[in-house]
Amino acid sequence: MNNTEIMKNVLERASVLLAWGPGHDALHASPLFARKAHDVDKVVMDVRAVQSLAAYLPPLFQSEKEGRIAVLARPCHVRSITALLQEELIPVERLILVVLPCQGKLDMAKVMAACPAAESLDAAFVDGDNLVINADGRQWLLRLETMLSPACVRCPMPELPDAMIPEGCECVRLDGQARRPGEGGYAALDAFMEKTPQERWEFWKQEMSRCIRCYACRNACPMCVCRDHCVASARDPHWLSELDSVTDKLLFQVIHATHLAGRCTGCGECTRACPMGIPVGLLKMQMNKIVEELFGYKAGMDSKATPPLLTFEAIEKNIREKGK
Amino acid sequence: MPILERRIIGFLCNWCSYGGADAAGVSRFTQPTDLRVVRLPCTGRMNPIFVVKALLAGADGVLVSGCHPKDCHYSEGNYYARRRLEVIKRFLPVLGIEPLRFEYTWVSAAEAKRWQEVVTAFTEQIHALPPVPRLPDDTGIERLLRELENSPLPICGCHAGHE
């Protein structure tokens, strides 16, 4: 069976298959909710499919009309889904994971910088190691390796290990070749932390003054599940004013990062979604690093594990508090 | 010349440190006066955002004090607090905020002497640091108007040449 047949087969058991389909131009893919077999023919799942579909799952599962829900996921997206399962935000028995071996995702900002003419392109496709863009009567050949999102370059897990399939979850694997694994780690954060504290403070001051408070970072985040009850729009308690001040915008980012402590899987959706190109993911990366150092824990690796901030130990191995 | 007072916010547990601080006052122990106390029902009530909100709002330091581990009035509030507070303390450097601006510690209701030591040491620690850096609290539109005022260029073509 080829991949299209596998997906059609899955769709016979599910009311919907969350996938990616054609977007507004040949370079972009949009989420596609495939309900009929012929929808599956439109699925796009190469480097152009950049968005994580995990954020759609919690609200979709609340719908009574849906039967089982199948979702196309890269290994990093599976981590987000596992994290949702850990917190019982989605039901494992109604979920079908369709996992693709990952070749990485494009960083659209990089593509646009390398080829500004791509704003109005005629064609875009992947040819071997290159992304080919036809625009303005010219052809651009961009090396795929240099156009991938930074998260993909360091991704240690382009092929999902069997151990990471959530317990009790139906999982279907698609055929294909995954890219070679990266070394993982927190290189971008470590480079940022080499700046002096004053430089870091100035950095956030500058970056946050560009923030337009659109909350795309929140809306793209698979772990932001409060929806209409988000603290950012609550009047009581009134944590954030409606002003466009740098303080409010930075505080929102800190709130987002703290709400993700021990929950963030580092999928990079917040940074990708930011229309102003602010690297908000750095804050979450710092949070992930702290949680890993303190509790030896990474979110979304084990659907039965308890997130570390929802529990405690009477004697903490890695915390040396004052006054003991 | 005396050093100017700094703004320090103390979040104290009702069942221990608040009593300890009270006992220190009743016993007339000399203490620095920079600390402003917020009483909590338990350090488990402590939202880590309190710390960041206070620092961004202009507090020079934040001190949290609760019951010693194993002595929580609600059995386990301070265990949860310990994890959260340690995480937020290690998080501050990424923002460029000096982590010494925030401490959390344990002081029981009977430890008036220890409270005096804690609050004195923490106040000295804050005085050794410069005042907390402030973000501009103007909004986007105010910023834009100011930039336009200072701009050497005419605002738009229709006003060019007019004074």
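Below, all heavy atoms of this structure are taken into account, side chains as well, without hydrogens, waters or symmetry copies. Chain letters run A, B, ... following the sequence lines, proteins first, then strands; residues in each count from 1.
Using a 4.5 Å cut-off on side-chain heavy atoms (C-beta onward), B:Val52 and A:Ile255 make no contact. The shortest side-chain heavy-atom distance between B:Pro136 and A:Lys205 falls under the 4.5 Å cut-off. Taking the side chain as every heavy atom from C-beta outward, A:Met287 and B:Phe91 approach each other to under 4.5 Å. Taking the side chain as every heavy atom from C-beta outward, B:Pro93 and A:Arg200 approach each other to under 4.5 Å. Contact annotation: the side chain of B:Tyr79 never approaches that of A:Ile315 to less than 4.5 Å [non-hydrogen atoms, C-beta and beyond].
Shown here is B:Arg7, whose CZ atom has no more than 12 heavy atoms of other residues, nucleotides or ligands within 6.0 Å. Counting non-hydrogen atoms of neighbouring residues, nucleotides and ligands closer than 6.0 angstrom, the CD atom of A:Glu242 exceeds 12 such neighbours. The environment of A:Arg154 atom CZ is dense: over 12 non-hydrogen atoms of other residues, nucleotides or ligands sit within 6.0 angstrom. Remark: A:His238 NE2 is packed, more than 12 non-hydrogen atoms of other residues, nucleotides or ligands lying under 6.0 Å away.
Counting only distance, with no hydrogens or angles, the side chain of B:Arg84 and the backbone of A:Leu309 share no donor-acceptor pair below 3.5 Å. Within the 3.5 Å criterion, the main-chain N or O of B:Ile49 finds no donor-acceptor partner in the side chain of A:Trp239. Side-chain N or O atoms of B:Arg83 include none that pairs as donor or acceptor with a backbone N or O of A:Glu316 at under 3.5 Å.
The contact between A:Phe192 and chain B is made entirely by side chain atoms (from C-beta outward), counting heavy-atom distances below 4.5 Å. Heavy atoms closer than 4.5 Å to chain A are found nowhere in B:Leu85, neither backbone nor side chain. Contact of A:Leu310 with chain B is made through the backbone alone, with heavy-atom distances under 4.5 Å. Using a 4.5 Å cut-off between heavy atoms, B:Phe50 contacts chain A through both its backbone and its side chain.
In terms of non-hydrogen atom pairs under 4.5 Å with chain B, the most contact-rich of A:Thr311, A:Thr258, A:Leu282 is A:Thr311. By number of non-hydrogen pairs under 4.5 angstrom with chain A, the leading residue of B:Ser65, B:Ala57, B:Pro133 is B:Pro133.
Taking OG1 of A:Thr247 as the reference point, atom CG of B:Leu135 lies at 4.5 Å (rounded to 0.5 Å).
Closest of all the heavy-atom pairs between B:Val94 and A:Trp204 is O-NE1, 2.9 Å.
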Distance-only criterion, 3.5 Å: show the donor-acceptor pairs between side-chain atoms of residues 288-297 of chain A and protein atoms not counting sequence neighbours.
from, atom 1, to, atom 2, distance (Å)
A:Lys289, NZ, A:Asp190, OD1, 3.0
A:Glu292, OE1, A:Tyr186, OH, 2.4
A:Tyr297, OH, A:Gln86, NE2, 2.8

